[in-house]
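Worksheet for the structure shown next.
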Amino acid sequence: MKKTLGTMIATAAIVLLTATFGFAEYAATGASNFPFFQLGCLIVGGLILVSLKRKYEKMYTAEVVGAFALYAVLMALFTNPVIEAVKTLVS
């Protein structure tokens with residue numbers, strides 16, 4: 001029961017972080033320049049982390065959520081709005 005509850009909490013956090021990423025990118029870029037590749041990478045990464053959490057019982061839920069949050073930040077750094085902001089900041 002504890003294993004299933006931890007997996008469900010991790011899954012809920014991953015879904016919420018992915019939805020937040022999608023909403024923020026849609027608000028920043030609009031529908032024409034939406035980063036579908038980064039969204040797909042987030043979904044695949046989330047599925048991998050949930051399957052690892054399910055397979056290895058010694059993984060803590062906070063570790064999985066923290067790793068996915070860092071992964072989401074990394075994916076967000078390589079989108080067009082952030083790259084354009086860095087370009088204007090540097091020049």
Side-chain angles (χ1 to χ4, degrees):
M1 180 67 183
K2 184 178 179 183
K3 180 176 161 181
T4 305
L5 182 63
T7 304
M8 286 191 313
I9 291 171
T11 304
I14 288 171
V15 167
L16 288 175
L17 284 168
T18 304
T20 303
F21 172 83
F23 177 73
E25 289 298 325
Y26 180 76
T29 62
S32 61
N33 293 328
F34 189 79
F36 289 108
F37 179 74
Q38 281 90 351
L39 184 64
C41 287
L42 273 179
I43 292 170
V44 170
L47 289 173
I48 290 170
L49 283 174
V50 167
S51 68
L52 287 173
K53 170 76 172 118
R54 188 95 174 126
K55 185 175 182 180
Y56 299 109
E57 336 173 311
K58 293 196 176 202
M59 283 183 76
Y60 294 115
T61 304
E63 290 174 342
V64 174
V65 173
F68 188 76
L70 291 173
Y71 182 63
V73 168
L74 180 68
M75 283 291 116
L77 286 176
F78 292 101
T79 57
N80 281 337
V82 175
I83 291 173
E84 293 298 323
V86 169
K87 282 182 184 177
T88 57
L89 183 68
V90 170
S91 62

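Values below: all heavy atoms of this structure, side chains included; hydrogens, waters and symmetry mates excluded.
Partners of Tyr60 by side-chain contact (heavy atoms from CB on, under 4.5 Å), not counting sequence neighbours, listed by chain and number: Glu63.
Connection of Met8 to Leu17 is not established within any shared hydrophobic cluster, with ILVMFWY side chains joined at heavy-atom distances below 4.5 Å, either directly or through further cluster members. If you chain together hydrophobic residues whose side chains sit under 4.5 Å apart, Leu89 and Val82 never meet in one group. Under the 4.5 Å side-chain heavy-atom criterion for grouping Ile, Leu, Val, Met, Phe, Trp and Tyr, Ile83 is not connected to Val86 through any hydrophobic cluster.
To the nearest 0.5 Å, atoms CD1 (Ile9) and NZ (Lys53) are separated by 8.5 Å. The distance from atom CG of Leu70 to atom CE of Met75, rounded to the nearest 0.5 Å, is 12.0 Å. To the nearest 0.5 Å, the span separating OG1 on Thr11 from CG on Leu49 amounts to 10.0 Å. Taking CZ of Phe68 as the start and CG of Leu16 as the end, the distance is 10.5 Å to the nearest 0.5 Å. One distance of note links CD1 of Ile48 with CD1 of Ile14; it measures 10.5 Å at 0.5 Å rounding.
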Q.
Does Glu84 form a side-chain contact (heavy atoms from CB on, under 4.5 Å) with Thr88? I'd like the steps, not just the answer.
A. CA-CA 6 Å; Glu84 293 298 323; Thr88 57; 5.6 Å; no
Would you tabulate the side-chain donor-acceptor contacts of residues 22-43 under 3.5 Å, counting partners in other chains and residues two or more places apart, or write 'none'?
from	atom 1	to	atom 2	distance (Å)
Glu25	OE2	Thr79	OG1	3.4
Thr29	OG1	Glu25	O	2.7
Gln38	NE2	Phe78	O	2.8

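For the residue pair Val65 and Ala13, the shortest heavy atom distance occurs at CG2-CB, 3.6 Å.
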